[in-house]
Engineer: 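Sharing a structure below in structure tokens format, with a few things to ask.
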Amino acid sequence: MIARPTTEQIARDCARELLDTVLPAVQGEAAAVGVRMLDNVLRNIAVRAAHEIAWMTEETAAMEAYARDLLTAMPQAAGVEEALAAVDGAPRAGLHLDDVVETYTRAGEAFALAMEAAVEEGDVALTRRARELLDLRSGHEVEAMADWSPIGR
Amino acid sequence: MPARLEGFLAAVEPGRRAQVTSYELITGGYSRVMARACVVWDDGTTETLVLRGDPPPAETLIDSDRDAEWRLLQALHATGGVAVPEPRWYEANGTHLGTKCIVMEGCPGPQMHSTLTESEDLRPAADEFVDTLATIHAVDLASLPGEMPRPTDWASYLDDKIRLWTDTEAGLPDCNPVLRYVAAWLRANRPPEAPLVLVHGDPQPSNIVLDERRGHVVVDWEFARIGDPREDLGYYLSYSQSVGPSLYSFDPEAFLARYRRRTGLSAAQVNQATVGYFSLIATLSTMATIMNGVAAMAGGATGGTMVTYNINAIGYMNSKWLETSEALTEPLAALRRTAGASQ
């Protein structure tokens with residue numbers, strides 16, 4: 001495995017070349033907009049390559065803990081116990097991306113069901129904690145956007 | 001493509017012949033393929049046409065109905081309340097142009113957005129923009145195509161809008177707890193009712209052409225529907241936060257006061273809190289199509305730079321939705337308290 005340059009570095013270098021070398025040679029506004037979008041996509045890839053497994057692992061632990069705490073407080077919460085059983089059966093042994101994504105998705109479902117129960121029951125503390133987890137997730141998504149703004153509009 | 005357009009024009013105008021002298025794609029829209037063509041007819045007259053068709057299915061990001069858009073464009077043009085590009089011809093089956101395609105006049109004049117700069121006094125433009133929104137919202141619903149869905153009542157319409165959040169989330173390849181949270185929040189924080197009207201669905205200065213003769217010519221009607229007028233206000237609030245300068249945010253109270261005067265709606269119905277609420281409702285209507293496109297890509301059914309690039313829009317909107325719901329919880333509660341106290 002050739003670890004350095006990292007995937008993040010490689011993707012950023014491709015983005016730089018796209019803007020510095022390819023874009024000036026492109027003719028037509030539609031094609032230029034496409035190149036600028038590809039630059040953004042490459043920068044998205046760079047951020048995700050650098051952080052997404054760590055972020056999903058961190059969020060999975062927090063979401064799973066939330067769902068288990070809610071189930072303790074509200075054993076009747078619809079679907080949460082089953083969703084947590086699905087998390088238990090997730091492929092958690094390794095760090096291959098597909099496995100991490102699958103576990104993250106199952107934990108997200110358990111969390112969402114638990115959060116809905118907290119909101120429906122009017123549990124202020126658990127709703128507030130759910131909001132904090134949503135903000136954590138959203139913060140990672142924003143970082144992965146790599147300064148995105150609508151191009152060509 | 002110019003030859004195909006000439007073939008199409010020969011088919012729809014059998015007594016005349018046209019030569020396409022220029023043809024260029026129009027950038028700026030994210031959903032439809034659009035082009036501007038200049039043609040010379042055999043009697044020497046010239047005209048500019050705009051073509052609006054669907055992208056290839058494998059590259060479709062946002063799905064909408066060209067048949068419905070064509071019918072609406074015809075109805076609005078015939079009624080005359082809102083200025084729209086003159087609809088000329090419709091390729092309903094793609095025989096000549098390769099896609100369902102609306103062919104309309106190319107309106108002379110700049111897009112309103114291109115005339116706005118941060119430094120100038122935005123008030124005149126804001127006033128005109130408000131007036132255009134009010135004009136759209138005043139369109140007689142009886143003049144609209146019979147095929148256009150008519151909600152039975154406001155409450156069930158709003159229920160359907162909120163259900164779109166959970167339905168959209170259910171169709172995603174992975175869980176999006178933000179959608180589930182906002183749906184729960186919307187159910188718990190309903191605003192006062194307002195009359196259902198024609199809403200544009202994507203009202204923004206980029207979709208207004210400044211025509212010297214007709215004033216504001218409103219284009220891109222693919223998301224139009226009968227709905228709550230605050231959806232357009234909320235949509236623009238959200239849109240203009242990412243694509244400025246905003247004609248709303250520099251003086252929201254003046255913007256909304258003018259809108260209330262033009263429409264007769266009350267301050268309880270139209271205020272910053274209710275517009276904020278509908279910014280959530282309105283943006284999902286558009287974002288749902290983007291999310292469906294991303295889901296289709298994850299399933300291998302579609303692809304392309306546009307779809308991948310717009311994954312960012314989901315992250316952006318997730319953050320905005322959380323921020324907005326947090327900020328509006330207390331103002332909407334205050335509105336309900338006021339309404340309760342006055343009853």
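So you know, we letter chains A, B, ... as the sequences are listed, proteins then strands, and number each from 1.
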Engineer: Begin from the C-alpha positions of A:E29 and B:L25 and carry the test side chain to side chain contact (heavy atoms under 4.5 Å, CB included) through to its verdict.
Structural biologist: CA-CA 9 Å; A:E29 192 180 349; B:L25 291 174; over 6 Å; no

Engineer: Tell me, for A:A118 versus chain B, whether the close heavy atoms (under 4.5 Å) come from the side chain, the backbone, both or neither.
Structural biologist: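 For A:A118, neither part sits under 4.5 Å from chain B.
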
Engineer: Report, as yes or no, whether the 6.0 Å neighbourhood of atom CD on A:E8 holds more than 12 heavy atoms from other residues, nucleotides or ligands.
Structural biologist: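 Count over threshold, so yes.
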
Engineer: Determine whether a donor-acceptor pair (N or O, by modelled atom type, separation under 3.5 Å) exists between the side chain of A:R137 and the backbone of B:P177.
Structural biologist: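 Not a single qualifying donor-acceptor pair exists.
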
Engineer: Between A:Y104 and B:D174, is the side chain to side chain contact (heavy atoms under 4.5 Å, CB included) condition met? List the steps.
Structural biologist: CA-CA 9 Å; A:Y104 179 68; B:D174 50 11; 5.6 Å; no

Engineer: Got a salt bridge between A:E120 and B:R187, using NZ or NE/NH1/NH2 to carboxylate O under 4.0 Å?
Structural biologist: no

Engineer: Looking at every non-hydrogen atom in both residues, tell me the closest pair between B:L322 and A:L134 and how far apart they are.
Structural biologist: CD1-O, 3.7 Å

Engineer: Could you grab the distance from atom OH of B:Y316 to atom CE of A:M145, nearest 0.5 Å is fine?
Structural biologist: 7.5 Å

Engineer: Enter the distance from B:N310:CG to A:N40:CG here, rounded to the nearest 0.5 Å.
Structural biologist: 10.0 Å

Engineer: Grab the two heavy atoms, one from B:S319 and one from A:V142, that are nearest each other, plus how far apart they are.
Structural biologist: CB-CG2, 3.7 Å

Engineer: If you round to the nearest 0.5 Å, how far is CE of A:M115 from CZ of B:R180?
Structural biologist: 6.5 Å

Engineer: Chain A heavy atoms under 4.5 Å from B:A183: which part of the residue, side chain, backbone, both or neither?
Structural biologist: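 Contact with chain A: none, neither part.
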
Engineer: Which answer fits A:E116, side chain, backbone, both or neither, if we ask what part of it has an atom under 4.5 Å from a heavy atom of chain B?
Structural biologist: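 Only the side chain of A:E116 comes within 4.5 Å of chain B.
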
Engineer: Nearest 0.5 Å please: distance from the OG1 atom of A:T127 over to the OH atom of B:Y181.
Structural biologist: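 Answer rounded to 0.5 Å: 7.0 Å.
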
Engineer: Compare every heavy atom of B:E323 with every heavy atom of A:R131, then report the nearest pair and how far apart it is.
Structural biologist: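 Closest pair (atom of A:R131, atom of B:E323, distance): NH2-N, 4.5 Å.
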
Engineer: Return the minimal non-hydrogen interatomic distance between B:G315 and A:E141, and the atom names on each side.
Structural biologist: CA-OE1, 3.8 Å

Engineer: Kindly give the heavy-atom pair with the smallest separation between B:A184 and A:V119, and that separation in Å.
Structural biologist: CB-CG1, 3.8 Å

Engineer: Take a 6.0 Å sphere around CZ of A:R129 and say whether it holds more than 12 heavy atoms from other residues, nucleotides or ligands.
Structural biologist: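 Enclosed.
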
Engineer: Taking side chain as everything from C-beta outward and backbone as N, CA, C, O, which of these in A:L113 sits under 4.5 Å from a heavy atom of chain B? Side chain, backbone, both or neither.
Structural biologist: both

Engineer: Can you tell me if A:R16 has over 12 outside heavy atoms packed within less than 6.0 Å of its CZ?
Structural biologist: yes

Engineer: Is A:D98 atom CG crowded by more than 12 heavy atoms from other residues, nucleotides or ligands, each under 6.0 Å away?
Structural biologist: no

Engineer: Decide side chain to side chain contact (heavy atoms under 4.5 Å, CB included) for A:N44 and B:I311; before the verdict, give the C-alpha distance in whole Å, the side-chain angles of both, and the deciding distance to 0.1 Å.
Structural biologist: CA-CA 10 Å; A:N44 298 148; B:I311 293 171; over 6 Å; no

Engineer: Hey, could you give me the CG/OG1 distance between A:D39 and B:T305, rounded to the nearest 0.5 Å?
Structural biologist: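 Going from the CG atom of A:D39 to the OG1 atom of B:T305 covers 11.5 Å.
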
Engineer: Heavy-atom distances under 4.5 Å only: say whether B:E326 touches chain A with side chain, backbone, both or neither.
Structural biologist: both

